[in-house]
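Report on one structure; see the data block that follows.
Indexing begins at 1, ligand by ligand and atom by atom, following the structure's order.
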Amino acid sequence: MSALGHHMVDKHGRRMRKLRISLLDACNLRCLYCMPERPVFTPQKDWASAKDLMHITSNLVALGIEEIRLTGGEPLLRRDFVEIVDELSTLPVKKLGLTTNALLLAPYLSLLQHTKLQQLNISLDSLDAENFKRITRRDAFSTVMDAILTAKILGFTVKINTVVMKGVNDHELPAFVAWSAMHDIPVRFLEVMNIGVMKSQFQGRFLSAFDMKAMLKVDYQFSRLNDTSDSTSRNFRVSNGAEIGFIASESNPFCTGCSRLRLTPKGQIRPCLFMQEGIDLKSLAPEDYPEALATIIAMKPIGRIPHQPQPMYQIGG
Ligand code: SAM
Ligand code: SF4
């Protein structure tokens, strides 16, 4: 731990080392479980600028943040995306990652190759173009698939996030396991979370990680891989060679090992995805950061908060 790392440890011994930055809430897809058909987005003038983001992250990294992931909304919709990545690449972080739907990814890949951003988590909920369109409400499957395979060939660390919903894409679980082995790309199956637009349809669509695994065990054997203590995913090597993981946010929340802080598009730091309280860091002087962080970390819950009125795309998934 760095000399300043103690600012990042809470009373339960959890050390905050990861920062998830939501660059904006707007998106070019309309995934059924995430967005309403006509969402209202934060105006661009209210987004933290590239300069604000550098001010905030450099101060947080000085206090012990080791890994940064950019998310949204769709982060590649920010026109200053490359500027942001170039600046963040100068920070002494262990990992810089991006969570994206990959619709706009392909043209960025050659630029990103020369930055610290090498970890790409790409959302892909179907291997079938028609089902992809049903889930995302956009006809973009081949663009996304091409970008995924190109990123892999170019040497990026690519992982797929698949939100599994009963009666929507659960029948594709075996196809994803075969695809993972064929392309040597890990796939993580996410339980759909009871947040935002999902609240009204959660009961009918939820499938637990336990049930997903039970469905796959009919055809495959699993051996457990070693995960870090703050990993949100329980990862396995499958008998066909695939690497898959399960993120059981609802049935087995990972709050006790959580090491994550969140930054909203407006530059507010929040202790938890499920909390609306936070502190605006944009105008804070460096000497005020330790106290602001201590306040935020003290607010971090140890168990899952049942209610979050804000949808995921506004906070940063
Ligand atoms: N647009 C980017 C993308 O889709 O990868 C980044 C933002 S998105 C909010 C981040 C992640 O949150 C995606 O993997 C998405 O599938 C997941 N997500 C959104 N709503 C969810 C929900 N209700 N339950 C589970 N995961 C959800
Ligand atoms: Fe957009 Fe990502 Fe939400 Fe889908 S999951 S609507 S791609 S923000």
Side-chain angles (χ1 to χ4, degrees), residues 20-42 68-78 81 97-105 108 117 119-126 131-141 143-145 147-148 151 158-166 168-170 176 186-209 212 232-233 245-254 260 262-265 273-274 304 307-317:
R20 192 160 285 203
I21 303 178
S22 177
L23 291 181
L24 76 173
D25 54 8
C27 189
N28 43 7
L29 297 183
R30 293 287 181 274
C31 301
L32 290 175
Y33 51 79
C34 179
M35 292 250 181
E37 185 82 68
R38 286 185 191 77
V40 179
F41 296 126
T42 309
I68 296 176
R69 173 163 294 280
L70 303 176
T71 183
E74 177 46 44
L76 294 174
L77 287 174
R78 283 266 311 227
F81 180 75
L98 170 68
T99 302
T100 174
N101 62 34
L103 191 52
L104 300 174
L105 182 63
Y108 280 101
L117 196 158
Q119 322 273 326
L120 301 176
N121 285 5
I122 301 181
S123 299
L124 178 73
D125 299 324
S126 178
N131 207 25
F132 181 97
K133 190 169 155 187
R134 174 185 171 206
I135 297 168
T136 63
R137 301 181 177 119
R138 298 289 183 272
D139 193 3
F141 175 76
T143 310
V144 168
M145 183 54 84
I148 292 171
V158 180
K159 286 183 189 164
I160 300 299
N161 284 347
T162 303
V163 175
V164 180
M165 290 193 291
K166 207 185 271 181
V168 175
N169 61 349
D170 54 340
F176 270 105
V187 175
R188 288 149 3 138
F189 298 118
L190 279 68
E191 288 181 353
V192 71
M193 292 170 77
N194 193 1
I195 185 170
V197 287
M198 269 319 288
K199 282 185 186 157
S200 55
Q201 5 160 8
F202 183 74
Q203 294 305 335
R205 293 297 180 210
F206 177 72
L207 186 69
S208 70
M212 294 180 211
T232 54
S233 174
F246 297 94
I247 304 189
S249 312
E250 290 289 340
S251 66
N252 192 3
F254 24 81
R260 194 179 291 171
R262 293 176 176 272
L263 195 71
T264 69
L273 176 67
F274 284 85
R304 172 71 185 270
H307 186 62
Q308 163 57 287
Q310 252 190 314
M312 186 102 123
Y313 70 89
Q314 286 179 356
I315 316 158

What is the ring orientation for Phe189 with Phe176, classed by angle as parallel under 30°, tilted 30 to 60°, or perpendicular over 60°?
perpendicular
Can you confirm whether the side chains of Asn169 and Asn131 place a donor and an acceptor under 3.5 Å from each other?
no
Output yes when the distance from some N or O of ligand 1 to some N or O of Thr99 is under 3.5 Å, and no in every other case.
no
Which ligand 1 atoms, with their elements, are less than 4.0 angstrom from a heavy-atom of Thr71?
6 (C), 7 (C)
Hey, which atoms in ligand 1 end up nearer than 4.0 Å to a heavy atom of Ile195?
23 (N)
Is Arg188 reaching over with its side chain to a backbone N or O of Ser233, donor-acceptor style, under 3.5 angstrom?
no
Near Met198 (heavy-atom distance under 4.0 Å), the atoms of ligand 1 are 23 (N)
Contact atoms of ligand 1, heavy-atom distance to Asn101 under 4.0 Å
2 (C), 3 (C), 5 (O)
Per-atom filter on ligand 1: closer than 4.0 angstrom to a heavy atom of Val192 are 24 (N), 25 (C)
Checking heavy-atom distances from atom 24 (N) of ligand 1 to each of Met193, Arg205, Glu250, Glu191, the winner is Met193
Please work out, at 4.0 Å between heavy atoms, whether the side chain, the backbone, both, or neither of Asp125 comes within that distance of ligand 1.
neither
Return the CZ to CD1 distance between Arg20 and Ile68, rounded to the nearest 0.5 Å.
12.5 Å
Hey, which protein N/O/S atoms does atom 1 (Fe) of ligand 2 have under 2.8 Å?
Cys27 SG
Have Thr42 and Asp25 got a donor and an acceptor in their side chains that come within less than 3.5 Å?
yes
Within the structure, does Glu74 bring an N/O atom to less than 3.5 angstrom of an N/O atom in ligand 1?
yes
Please could you name the atoms of ligand 1 that Gly73 approaches to less than 4.0 Å, counting only its heavy atoms?
1 (N), 2 (C), 6 (C), 7 (C)
Please find the pair of heavy atoms, one from Arg78 and one from Leu24, that lie closest to each other, and give the distance.
CG-CD2, 4.0 Å
What's the shortest heavy-atom distance between Tyr33 and Met165, and which atoms?
CD2-CE, 3.7 Å
Going by atom types alone, do Glu191 and Ser208 pair a side-chain donor with an acceptor below 3.5 Å?
no
May I have the step-by-step check of side chain to side chain contact (heavy atoms under 4.5 Å, CB included) for Thr71 and Asn121, ending in yes or no?
CA-CA 10 Å; Thr71 183; Asn121 285 5; over 6 Å; no
Contact summary for Leu70 and Pro75, nearest pair of heavy atoms:
O-CG, 4.1 Å
Near Asn161 (heavy-atom distance under 4.0 Å), the atoms of ligand 1 are 14 (O)
Using side chain to side chain contact (heavy atoms under 4.5 Å, CB included), reason through Leu124 and Met145 one step at a time and then give a plain yes or no.
CA-CA 8 Å; Leu124 178 73; Met145 183 54 84; 4.0 Å; yes
Distance-only polar pair, side chains of Glu74 and Asn28, donor-acceptor under 3.5 Å:
no
Atoms in ligand 1 flagged as close to Gly72, the criterion being non-hydrogen separation under 4.0 Å
7 (C), 9 (C)
